[in-house]
Amino acid sequence: MANFEYVTANKLTRDAHGYKHTNRTLVLMVGLGITFVVSAIYLPATPLALLLTAGLWWSQKSSPILLAGAAGEDLVIDLLRDLPDTFTVYNQVDIPNAKSRTGFNEADVIVVGPNAVFIIEVKHNSGSIKGADGDSEWRVEKTSRGGNVYGKTMRNPISQVKRLVWLLSKDLKAKHSRAWIQGVVLFSHQDVAANIDNDSNVPVMGSNDIVNYIASYQAKVEIANNRKLVGDIAALKGA
């Protein structure tokens with residue numbers, strides 16, 4: 001089994017539940033404030049105000065978007081356990097980017113093997129996805145139970161992962177680590193059909209293909225000092 005020493009608790013799950021906690025706190029503060037005013041104006045209405053506040057507090061849920069993202073990343077991490085022990089897996093790695101508002105860009109999953117370094121951009125969208133590698137956005141369409149087609153757009157994940165590859169390559173070169181870095185776009189949802197016109201060097205695939213792709217990949221450049229490389233990427237987890 002692959003080395004999972006650097007896989008940590010999913011921050012998306014934490015943030016999703018934090019979203020609920022923040023909203024509940026806001027509802028409680030506003031609700032109690034309104035209840036206080038109501039009690040001062042008309043005391044018999046106080047129980048109703050408290051009941052409404054309690055109902056709104058209970059109705060607040062964790063962010064479904066963040067939970068979906070967490071589910072996709074966790075699924076991919078679980079699949080990567082089938083890789084040999086010569087591979088090291090990382091999740092949610094902060095790659096330095098001086099031009100970013102936060103100072104970094106986050107890579108969903110990184111795998112370091114004896115053959116290459118892989119940056120995996122995980123998307124947990126369902127439905128039909130259409131686009132091309134050169135498009136700025138891709139189209140995501142779903143069909144409702146009533147047969148109506150509705151959709152939205154998503155940022156081109158090929159462009160996203162290419163940016164991450166460039167940033168990590170820059171960071172590793174500064175640390176005198178050398179490796180071929182391969183970007184991958186992975187659609188993790190079981191109910192997705194991706195039809196992408198892709199002439200780039202970044203493959204787009206589903207969950208069933210990722211382990212074999214990584215294990216059998218033949219890079220153009222051999223990895224130099226794998227142990228140092230593992231450590232240099234691990235350091236980004238604590239940056």
Donor-acceptor pair, side chain of Asp94 and main chain of Phe104, under 3.5 angstrom: no

So, Gln60 side chain and Thr25 main chain: donor-acceptor pair closer than 3.5 Å or not? no

Would you find more than 12 non-hydrogen atoms of other residues, nucleotides or ligands less than 6.0 Å from Lys20 atom NZ? yes

ILVMFWY cluster, Val211 and Met1 together (side-chain gap under 4.5 Å): no

Check: Val202 main-chain N/O paired with Asn198 side-chain donor or acceptor under 3.5 Å: yes

Would the distance check show the side chain of Thr35 and the main-chain N or O of Gly31 forming a donor-acceptor pair, the cut-off being under 3.5 Å? yes

Following the transitive rule for hydrophobic clusters with a side-chain heavy-atom cut-off under 4.5 Å over Ile, Leu, Val, Met, Phe, Trp and Tyr, establish whether Tyr6 and Ile181 coincide in one cluster. yes

Supply the atom-to-atom distance Asn212 CG to Asp82 CG, rounded to the nearest 0.5 angstrom. 11.5 Å

What distance do Leu26 atom CG and Leu56 atom CG have between them, rounded to the nearest 0.5 Å? 10.5 Å

If we ignore hydrogens and angles and just use 3.5 Å, is the side chain of Tyr90 paired with the main-chain N or O of Val230 as donor and acceptor? yes

Has the side chain of Asp85 got a donor or acceptor atom that lies under 3.5 Å from a matching backbone atom of Asn3? no

Does CE belonging to Met154 count more than 12 external heavy atoms closer than 6.0 Å? yes

Taken to the nearest 0.5 Å, the spacing of Asn105 CG from Leu168 CG works out to 11.5 Å

Locate the shortest heavy-atom distance separating Val38 from Thr46; write the atom from each residue and the value. CG1-N, 4.2 Å

Under a 3.5 Å distance rule, please check whether Gln160 uses its side chain to pair with a backbone N or O of Glu121 as donor and acceptor. no

Between OG on residue Ser100 and CD1 on residue Ile95, distance to nearest 0.5 Å: 11.5 Å

Should we count CG of Leu51 as having more than 12 external heavy atoms under 6.0 Å? yes

When the side chains of residues 128-141 are checked against the rest of the protein, which donor-acceptor pairs come out under 3.5 Å, sequence neighbours left out?
{"residue": "Asp133", "atom": "OD1", "partner": "Asp199", "partner atom": "N", "Å": "2.9"}
{"residue": "Asp135", "atom": "OD2", "partner": "Ala132", "partner atom": "N", "Å": "2.9"}
{"residue": "Trp138", "atom": "NE1", "partner": "Ala132", "partner atom": "O", "Å": "2.9"}

Leu43: which other cluster members, linking ILVMFWY side chains closer than 4.5 Å, directly or transitively? none

With under 30° as parallel and over 60° as perpendicular, where do the rings of Phe118 and Tyr217 fit, or are they tilted in between? perpendicular

More than 12 heavy atoms from other groups under 6.0 Å of CZ on Arg81: yes

Expected output: side-chain Asn115 to main-chain Ile214 donor-acceptor under 3.5 Å: yes

Polar side-chain atom of Lys228 near backbone of Lys175 as donor-acceptor pair, under 3.5 Å: yes

Considering non-hydrogen atoms only, spot the tightest contact between Ala70 and Thr13 and give its length. CB-OG1, 3.3 Å

Would you give the length of the straight line joining atom OG of Ser207 to atom CG of Leu79, rounded to the nearest 0.5 angstrom? 5.5 Å

For the side chain of Lys237 and the backbone of Asn91, is there at least one donor-acceptor N/O pair under 3.5 Å apart? yes

With the 4.5 Å side-chain cut-off for hydrophobic clustering, are Leu167 and Val185 part of the same group? yes

Should Leu67 and Val109 be regarded as members of a common hydrophobic cluster, given that ILVMFWY residues are connected when their side-chain heavy atoms come within less than 4.5 Å of each other, either directly or indirectly? no

Do Val161 and Leu236 belong to the same hydrophobic cluster, where Ile, Leu, Val, Met, Phe, Trp and Tyr are linked whenever their side-chain heavy atoms lie under 4.5 Å apart, directly or via other members? yes

From Asn97 CG over to Asp171 CG, what is the distance, rounded to the nearest 0.5 angstrom? 11.0 Å

